Protein chains: 2
Amino acid sequence: MVTTHRTLAQLSEGGLLAEILPLFAGGPAVPVGPGDDAAVLAPGKATVATTDSMVRGRDWLDAWSSASDVATKVLTQNLADVAAMGAVPTAVLVSLMADPSTPVDWALDFARTLGEHAAAAGVSVVGGDLSSAPGGVLAVSVTALGDLEGRAPVLRSGAAPGDALAVRGTLGRSAAGLALLEGGADPRTEPRGIRAECLAHHLRPHTPVRAGREAAEAGATAMIDLSDGLLRDGHRVAAASGVRLALSPAGLHEDVASLAAAVGDQALECVLAGGEEHSLLATFPRDVPDGWRTVGVVEAGEGVTLEGVVQQPRGWDHFDAGSR
Amino acid sequence: MVTTHRTLAQLSEGGLLAEILPLFAGGPAVPVGPGDDAAVLAPGKATVATTDSMVRGRDWLDAWSSASDVATKVLTQNLADVAAMGAVPTAVLVSLMADPSTPVDWALDFARTLGEHAAAAGVSVVGGDLSSAPGGVLAVSVTALGDLEGRAPVLRSGAAPGDALAVRGTLGRSAAGLALLEGGADPRTEPRGIRAECLAHHLRPHTPVRAGREAAEAGATAMIDLSDGLLRDGHRVAAASGVRLALSPAGLHEDVASLAAAVGDQALECVLAGGEEHSLLATFPRDVPDGWRTVGVVEAGEGVTLEGVVQQPRGWDHFDAGSR
């Protein structure tokens, strides 16, 4: 196709927008979508807002991640934060900062996947920005909005001693996938199985979006998106709530066992400290709802323990190279 | 000071956040501010949302713009888009994508000015993201939310023949300031006067935020933020409304005359095609409200004319190098 080799420099901003905007579906909650000075969202309940960015060379490598992969990941990061408040995501805005020599197809593949996955989650892409960047630079930034539908937000600060600690979604798969990529694994040729699942979760993570609302309705006292690792994010809940989270080896056994086939004795560390998983961690005063599995209990005290041993809050930190 | 030479690499993400978050004031419209998975905005009327980014080396040069200047400009770009919908800005989210060798003081100066100017505009900084970037990369992305307070949004598409065309704020100053910088002017030594005002408007533009609501209350039929130039943005209103905007030389005379002392015979081109001004252009079926000045009329037809001569939509385009 002729279009394969077009770069952004060959299109005007308006020309690129004309190709991108049809990739984003509107919705009933959006009286005015992209194209005016700003979008208009219909009057609703309290609005939840969050933002996350990805930068090529740091958050992804082109050798491993396609434009579609990047779109999936940056959208998931944002939707997970909305879900972790107990809200339902309604709209996203997206910024693309790109070297003009970036292939047009990269931008279109990114926008197409973002639009498809947003639509599948009932989310409208309501705005965005295109900025030219110096040679080699490619970055994307997404802001997501959500609706609490009249419920109180589920904060990190509400956990109380006696609550059950539970996870919805996988643990450690993204970190295991990254370890496999660093070890030379090729996602395109990897046969089906746990290794392929880990590679896929690292490149195109998903988050249990609807579980956020379900947890809120089930009375969750605290909730967080596992973006920086069970220990680091667990410490955040413990600190905000003024409690200790006591992880149980029995609760994590299944996660560790399933990963062992992919990464051997790194499995436990992936489960405890692996970032970018985007599963949900929550505390419940009563029964843990369907689909969640208990991984520990909330106790009086501080920090996070495993079998009674205090765990440091290791995990992902964006600027501190020593933390990994 | 010891702090002068700290770089982001020497701080953890949490350490940097601990210094940044106190720089952002909360507000009554923000039950939950930064620090949890997402912010919560109080239930309100319809929400307006927009986003704009700036990238070093394209949208600013460190030789000309300080961190404080960049914060002022990216905030103004966003607030102007909210105002141009007839809404009142309520909250912003900010992403910083930075090479870890970036001085900590750059990030703190950026955050401090963003927080101060947001607070002055009654806007809360409710969230953000810090991302590490490859060597030399520095970019910021802001998303702004606003409240229509029960009014209908003022779109680009409502102008009708017979309406008056009016501007609130300056014209051409940012472009004139850029021309002066490119000609070697030094903002630090420039004496008071129109040249200094142009330099200041280019580096630290302001937008008449409250005029957006005032225009909506006065019955504005269409409105746009002048970010890409009077002609290019005028064409957008003309196309969206299916009308012609007829600019009057008499209406622009004062702008051109005041700029002539700064940039000579480039003054008219700055007024017509200069971007990044962030004044507001609106159409009114009745009297033009106080503080606005009439610059033309809306006619049947298409495009933008000056003294009856059709004007091409020249002005700023982010990816098309040939458009400037």
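Owing to the predicted nature of the structure, the values given are computational and were not obtained by experimental measurement. Below, chains carry the letters A, B, ... as their sequence lines are ordered, and counting in each starts from 1.
In terms of heavy-atom pairs under 4.5 Å with chain B, the best-connected choice from A/Asn78, A/Val137, A/Leu155 is A/Leu155. Interface check for chain B: of the options A/Ala83, A/Gly136, A/Ser141, the most heavy-atom pairs under 4.5 Å are formed by A/Ser141. Chain A forms more heavy-atom pairs under 4.5 Å with one residue of B/Ala139, B/Gly57, B/Gly128 than with any other, namely B/Gly128. Across A/Arg156, A/Met223, A/Met85, the residue that shares the most heavy-atom pairs under 4.5 angstrom with chain B is A/Arg156. The choice from A/Ala144, A/Ser95, A/Ser157, A/Ala240 that makes the most heavy-atom pairs within less than 4.5 Å of chain B is A/Ser95.
At a 4.5 Å heavy-atom cutoff, the contact between B/Val48 and chain A is made by backbone and side-chain atoms alike. The part of B/Pro153 that comes within reach of chain A is its side chain, from C-beta onward, which places non-hydrogen atoms under 4.5 angstrom from that chain.
A donor-acceptor pair shorter than 3.5 Å cannot be found between the side chains of B/Ser131 and A/Ser53.
Across all their heavy atoms, A/Ala133 and B/Val55 have their closest contact at CB-CG1, 3.8 Å. Nearest heavy atoms, B/Ala49 versus A/Leu145: CB-CD1, 4.1 Å.
Residues passing the ring pair (Phe, Tyr, Trp, His ring centres under 6.0 Å) test with A/Trp60 are A/Trp106, sequence neighbours excluded.
A distance-only check finds a donor-acceptor pair linking the side chain of A/Asp37 to the backbone of B/Asp225 [under 3.5 Å].
Screening A/Asp81, A/Thr51, A/Thr50 against B/Asp129 for a side chain to side chain contact (heavy atoms under 4.5 Å, CB included) leaves a single residue, A/Thr51.
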Would B/Met97 and A/Arg58 count as a side chain to side chain contact (heavy atoms under 4.5 Å, CB included) here? Give the steps.
CA-CA 10 Å; B/Met97 290 148 270; A/Arg58 294 282 177 154; over 6 Å; no
